Amino acid sequence: MATQSSPVVQQIGRSTDVRCVNLCNAMYHPDLELAAPCLVRDQHGRSYEFGDLYRDKKAIIIFVRNFLCYTCKEYVEDLAKIPKSYLQAADVKLIVIGQSSYQHIKHFCTLTGYGHEIYVDADREIYNKLGLKKGESSSSSGSPHIKSNMITGSIKSIWRAMTSPAFDFQGDPAQQGGALIVGPGNRVHFLHRDMNRYDQVPISNLLRYAGVQAVHFGEKPHMLEV
């Protein structure tokens, strides 16, 4: 059985670190209204309006920094562990959005074992309209989803870039990600804009906010610094 919880809205100001949390009701967010008509592409290059992804159903949407980022890879590896039956029971979709060419999607899914929905916003239009940050600030530590330290993780990222079918950064290296729970329609339940590569929302929190049954990932936080 899926566990239910009150909708959560978290809004982070674009120019400050002030965070407001509304634990009562979902709300209509002006940034989302702007982002909804933007196009994303699937692994076959087919285009969809961003708003169509959550028009009829609540969705947990993860924006990753880039497909070469080791913290993103390890985070998505844990997203891949969420059973589809848990999402179906809660009537919630799980979506990852990257900012590379769509041609990198298939390899990234093979690498991470991720089998849920995934798209790319290669021009970063949605990233920009949602105010997702560029550049890193504010030291953060303790993500339960990061297993590599900075040195080994960076080496692995460079190696993957060198051995990928198309040698590129698979997105802007300065772009940060975020997490959004939205829908049905343009009703925002939760929004988090990452301050740096380690500032990821714990997946267990996202599942709880969206009313999805909990998943145990079995990893203790690692102390990491930017």
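All values derive from a computational prediction rather than experimental measurement.
- Of all heavy-atom pairs spanning D194 and G178, the tightest one is OD2-N, 3.5 Å.
- The shortest distance between side-chain heavy atoms of L130 and F63 falls below 4.5 Å.
- We find the CG-CD distance between L206 and Q200 to be 10.5 Å, quoted to the nearest 0.5 Å.
- The side-chain heavy atoms of L132 and Q175, taken from C-beta on, include a pair separated by under 4.5 Å.
- The shortest side-chain heavy-atom distance between F50 and L32 falls under the 4.5 Å cut-off.
- Smallest separation of non-hydrogen atoms from Y102 and Q43: CD1-O, 3.4 Å.
- Side-chain atoms of D121 and Y127 form no donor-acceptor pair, as typed in the model, at a separation below 3.5 Å.
- Between Y48 and Y119, the ring-plane angle classifies as perpendicular under the 30° and 60° cut-offs.
- Between K129 and C38, the closest side-chain pair of non-hydrogen atoms falls below 4.5 Å.
- Counting heavy atoms from C-beta outward, L180 and Y54 have side chains that stay 4.5 Å or more apart.
- Remark: E49 pairs with no residue by the salt bridge (Lys or Arg N to Asp or Glu O under 4.0 Å) rule, at least two apart or across chains.
- Partners of D56 under the salt bridge (Lys or Arg N to Asp or Glu O under 4.0 Å) rule, at least two apart in sequence or in another chain, do not exist in this structure.
- The structure places CG of N66 at 8.5 Å from OG1 of T71, a figure rounded to the nearest 0.5 Å.
- Atom CG in L79 sits 8.5 Å away from atom CG in L207 (nearest 0.5 Å).
- Residues passing the side-chain hydrogen bond (donor to acceptor under 3.5 Å, both in side chains) test with D123, sequence neighbours excluded: none.
- D199 pairs in a side chain to side chain contact (heavy atoms under 4.5 Å, CB included) with only one of the listed residues (H192, R193, Q176), which is H192.
- Across G177 and R65, no two heavy atoms sit closer than the pair N-CG, 3.9 Å.
- A donor-acceptor pair is defined here as one N or O able to donate and one able to accept, closer than 3.5 Å; no such pair exists between the side chain of Q99 and the backbone of V64.
- Using a 4.5 Å cut-off between side-chain heavy atoms of Ile, Leu, Val, Met, Phe, Trp and Tyr, with links allowed through other members, V92 and V215 fall into the same hydrophobic cluster.
- The minimum heavy-atom distance between S100 and A122, with the atom names listed, is O-CB, 3.4 Å.
- Of all heavy-atom pairs between G211 and A90, the closest is O-CB, 3.4 Å.
- Ring orientation note: the planes of H116 and Y114 are nearly perpendicular, at an angle over 60° on the 30°/60° scale.
- Rounded to the nearest 0.5 angstrom, S101 OG and F67 CZ are separated by 9.5 Å.
- Rounding to the nearest 0.5 Å gives a distance of 4.5 Å between CG of L53 and CD1 of I95.
- Listed by chain and residue number, D172 satisfy the salt bridge (Lys or Arg N to Asp or Glu O under 4.0 Å) test with K134 (two or more places apart in sequence, or in another chain).
- Every pair passing salt bridge (Lys or Arg N to Asp or Glu O under 4.0 Å) that includes a residue from residues 85-100 is listed here, sequence neighbours excluded: K57-D91, K93-E117.
- To the nearest 0.5 Å, atoms NZ (K106) and OG1 (T110) are separated by 6.5 Å.
- Partners of E77 under the side-chain hydrogen bond (donor to acceptor under 3.5 Å, both in side chains) rule, at least two apart in sequence or in another chain, are K73.
- A chain of hydrophobic side-chain contacts below 4.5 Å, direct or via other Ile, Leu, Val, Met, Phe, Trp or Tyr residues, connects I62 to Y86.
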